[in-house]
Undergrad: 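Could you have a look at this structure, given as structure tokens, before my questions?
The sequence lines fix the lettering, A, B, ..., with proteins before strands; numbering per chain opens at 1.
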Amino acid sequence: MDIPSKYEPQKVENHWYDYWLQHNYFHSKPDDREPYTVVIPPPNVTGVLHMGHMLNNTIQDVLIRRARLMGKNACWVPGMDHASIATEAKVVAKLKEEGIAKSDLSREEFLKQAWDWKHKYGGVILEQLKKLGCSCDWERTAFTMDDDMSASVIKVFVDLFQKGLIYRGYRMVHWDPQAKTTLSDEEVIYEEKQGLLYYLSYPIAESKETVTIATTRPETILGDTAICINPKDERYAHLKGKKAVVPIAGRIIPIIEDDYVDIEFGTGCLKVTPAHDTNDKTLGEKHNLEIIDIFNDDASLNSHGLHYEGKDRFEVRKEIAKELEAGGFLVKTEPYINKVGTSERTKAVIEPRLSDQWFLKMEQLAQPALKAVLETQEVRLFPKKFENTYRHWMENIRDWNISRQLWWGQQIPAYYYGDGQNDFVVAETPEKALALANEALDGRGTKDRPLTLDDLKQDEDVLDTWFSSWLWPISVFNGILEPDNDEVKYYYPTNDLVTGPDIIFFWVARMIISGYEYRGERPFENVYFTGLVRDKQRRKMSKQLGNSPDALELIRSYGADGVRVGLLLSSAAGNDLMFDEDLCQQGKNFANKIWNGFRLLKGWEVADIPQPEASKLGIAWYGAKFQQALGEIENHFAKYRISDALMTIYKLVWDDYSSWLLEIIKPVYQQPIDRTSYEAVIALFEQNLKLLHPFMPFLTEEVWQHITERTPEEALIIAQWPKREAVDEKLIKGFEHASEVVSGIRTIRKEKNLPIKEALELSVLNAEKIDMDWDTVIAKLTHLSNISYVEAAAEGALSFRVKSNEYFIPISGVVNVEAEIKKINEELSYTKGFLQSVQKKLSNERFVNNAPQQVVALEKKKAADAEAKIATLEKSLANLE
RNA sequence: GGGCGCUUAGCUCAGUUGGUUUAGAGCACCUCGUUUACACCGAGGGGGUCGGGGGUUCGAAUCCCUCAGCGCCCACCA
């Protein structure tokens, strides 16, 4: 045979991917069919494929390929995210290596560098997705900074501004001193860090007294503008109205009272630094305190830091602690664990900082999105548990800080004129802005000459990356700029979104919000949250730990199909996936199993001879079994239980098809197979391939194309998903019984070392003759020369029982009577125990009266079956003794 | 500090509104097998008092309470 006995994925994967591309199967355009749309969660433009992407995109591809087979117009839109802060950080780092500081470059020069970088490294990940087999419509590849995408973002900004939902405000925001930008609340990750609680003693002005306060950040005393006590705290009553002196700075600050202060915590006395703490800011506003910002934008100290000017905050913390100690201001320190906000991207410790930023009011916008998930269920989350998380965030939603002090991204379309601070207009273009500005001046009557473009200065900041990706499902179809275009009307709303729960707020919730605001309807029907991919020891996969396998290397070793199967086999939705390469091996083994099933079929010689009865039965049974599995599979898909769907197919193909059906119809060595059976089994195999294709696209297409010559129109990728038909339960039940008989015979063969070559005889003692139909199948699978139905137990034979039937295999030589008796007794005691438990139920009047009829009937049947079996067993025992 | 979720065989997990055998699957494990698709295989087999305790019920892995352990999300306590 010229077909190799092992499937070699490396040799065929590229070929079939090119074939699919060449025939444009991935491309979609609107037509009469029902659309099925998925938009990819756009990976960062600089990203490299990791296990999370592999899982995520495999699931999307499974869904897309299945939809395609089901005759839908499947459209999977790929793309990339410009990832403002992450990309800018990378470009800055690259420039630094070349000895260039970002500040050395103009905005234009820097952006040129960034675009160069994007063109050079961007999109690597998309090429990697192709290796995985992802059937994206590559012609639609979008980038969040494409001209039309950016124009959409700007249009939305202007619109929201005009609706009064975007405002500029001087507020306490999260400052990332490394990236030198503000972040949204969601971009701050709180981490527990071991630190110290410093007890500092502040002298009271014009007295010898002191007051001790506790702080985790002694360096901020330089920005202190008050000390606060709780008015109810009697310990400090004598300090009311007095003033304190800030150590080192020597500044005199008031002692104020506010019941915000927790009497129990620390010393019950709080230092107030309005510039560097949100609560202190609130206190400051309430009590009219001075605001002293002691930091530069990189979190080194400024001139308010006195002799610490220019030094980093953490260095200052150590040094000032020493100085305070030397000056006698440090009372003591104690270890203290506190939650420190860090930047999601740069990992830098966040500083609360007051600054002018742009915000989007969320409360009103969030309402339809909240309702869609929790009330109308127009958008469904899988698994459901994320609805709680979603609800909590949406109900407590806060305004979104959308401005970033970066260059890589969409520049905020606000134009300042006049004093350059408070006078600004928001417009899509400078020209429109100019017109608006002149209008504004007219209105105020301050016009001495019309402004020109040179008088306008555009806001330096760019928008948060998520402010572009929240429009993704709409903007990829140009639905913002041309809301009535055919594409968006056809493809929107999309169907499924597959993503990680880590971006439920960043992205998912906001897309739902923008969907309702800009399309008046949901952006997608279902959201499938995958889990995190972890290693065997449950550790998160990360670059630092080096525990993340190289995705492409995995594909090389196990084949894309093997890796896909490996990933999916144990990834229940929303549960973390403990990745283990053994699973890929399992996937690879499965591919090989299917391959060899194909080899077997190809090896047969076909002849026009009568169809054996066993083959006919086997084929009919498998048809029923297939339908039964198909029903389960569709059910699993409907509930997004992708892993279970795959496992069902796995068992169907491996156990039912390969181990049972093929063995039943396999012709005797070197004999031909009858044409009827051959054609039927090919057809069944092809049905299997269809079910398998979404999971193992390469292998299945390869096999499909080799079963017989196919035109491009007959490719598997666009074949028809099997149709549901009624399941013939009788066939399934009958086969179940037959297979138990087969197992019984095989067990005896094994126990007595009877080689398969040696034909056996079987006699059956039964009342119902329920398995008579299956005689041919049983005989074929276990090599029986004869099956006879008898009225009495056979002498000198080994026996086993299935239900209430007893089976005998006469063998030459001695039958170990004792062993037989022992075996029967074990079975007997089990069955009796079982019967007892059933009878206990049945003799309970309340059970019989209260339980549903069906349940009672079932119990009665169980009892009857058990009794029949006991009778059989006892008879056998009597015969032996 | 608040909220949510999890705990079932060695591992990873199913177990759908309490009632189909005295709880299932895949992998792993053990035994046997160079049978003519596949040793990336076949046949057979062992393995769980469903985290502990209490309760509701005719009946609980499934509902309630409680304890323990784990995980996630949210939150301005210096």
Undergrad: Want to know the stems of RNA chain B: at least 3 consecutive Watson-Crick or G-U pairs with distances under 3.5 Å, which are they?
TA: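 RNA chain B stems, ordered by first number: B:1-7 with B:68-74, B:10-13 with B:24-27, B:29-33 with B:41-45, B:51-55 with B:63-67.
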Undergrad: What are the atom names and distances for every N/O pair under 3.5 Å that joins the protein to nucleotides 10-18 of chain B?
TA:
residue, atom, partner, partner atom, Å
B/U12, OP1, A/Arg538, NH2, 3.4
B/A14, OP1, A/Asn575, ND2, 3.2
B/G15, OP1, A/Arg641, NH1, 3.4

Undergrad: Among residues at least two apart in sequence or on other chains, which ones pass salt bridge (Lys or Arg N to Asp or Glu O under 4.0 Å) with A/Lys588?
TA: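 None.
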Undergrad: Which residues satisfy the side-chain hydrogen bond (donor to acceptor under 3.5 Å, both in side chains) test with A/Glu663, sequence neighbours excluded?
TA: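 Checked A/Glu663 against side-chain hydrogen bond (donor to acceptor under 3.5 Å, both in side chains); matches are A/Lys666.
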Undergrad: Please list every donor-acceptor pair under 3.5 Å in which a side-chain atom of residues 649-660 of chain A meets a protein atom from a residue at least two apart or in another chain.
TA:
residue, atom, partner, partner atom, Å
A/Tyr650, OH, A/Gln586, NE2, 3.4
A/Ser658, OG, A/Val653, O, 2.9
A/Ser659, OG, A/Trp654, O, 3.2

Undergrad: Using a cut-off of 4.0 Å between protein heavy atoms and nucleotide atoms, how would you tag nucleotides 25-31 of chain B 5' to 3' with B, S and -?
TA: SSS---B
Undergrad: Reading nucleotides 73-78 of chain B 5' to 3', which nucleotides get B (base under 4.0 Å from a protein heavy atom), which S (sugar-phosphate only), which -?
TA: SSBBBB
Undergrad: Please set out all donor-acceptor pairs under 3.5 angstrom arising from side-chain atoms of residues 577-585 of chain A, sequence neighbours excluded.
TA:
residue, atom, partner, partner atom, Å
A/Asp580, OD1, A/Asp582, N, 3.0
A/Glu581, OE1, A/Tyr558, OH, 2.6
A/Gln585, NE2, A/Asn589, OD1, 2.9

Undergrad: Would you say A/Asn401 and A/Thr182 are linked by a side-chain donor-acceptor pair, where the criterion is simply a distance under 3.5 Å?
TA: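 Checked: A/Thr182/A/Asn401 side chains pair up, N/O donor to acceptor below 3.5 Å.
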Undergrad: Among residues at least two apart in sequence or on other chains, which ones pass ring pair (Phe, Tyr, Trp, His ring centres under 6.0 Å) with A/Trp400?
TA: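 For A/Trp400 the ring pair (Phe, Tyr, Trp, His ring centres under 6.0 Å) partners, ignoring immediate neighbours, are A/Phe467, A/Trp470.
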Undergrad: In chain order, what residues pass the salt bridge (Lys or Arg N to Asp or Glu O under 4.0 Å) check against A/Lys780, with sequence neighbours excluded?
TA: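 For A/Lys780 there are no salt bridge (Lys or Arg N to Asp or Glu O under 4.0 Å) partners, ignoring immediate neighbours.
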Undergrad: Please list, chain by chain and in numerical order, all residues satisfying ring pair (Phe, Tyr, Trp, His ring centres under 6.0 Å) with A/Phe329, sequence neighbours excluded.
TA: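 Ring pair (Phe, Tyr, Trp, His ring centres under 6.0 Å) check on A/Phe329 returns nothing, list empty.
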Undergrad: Might you list the N or O atoms of the protein lying below 3.5 Å from N or O atoms in nucleotides 46-50 of chain B, with each pair's distance?
TA:
none

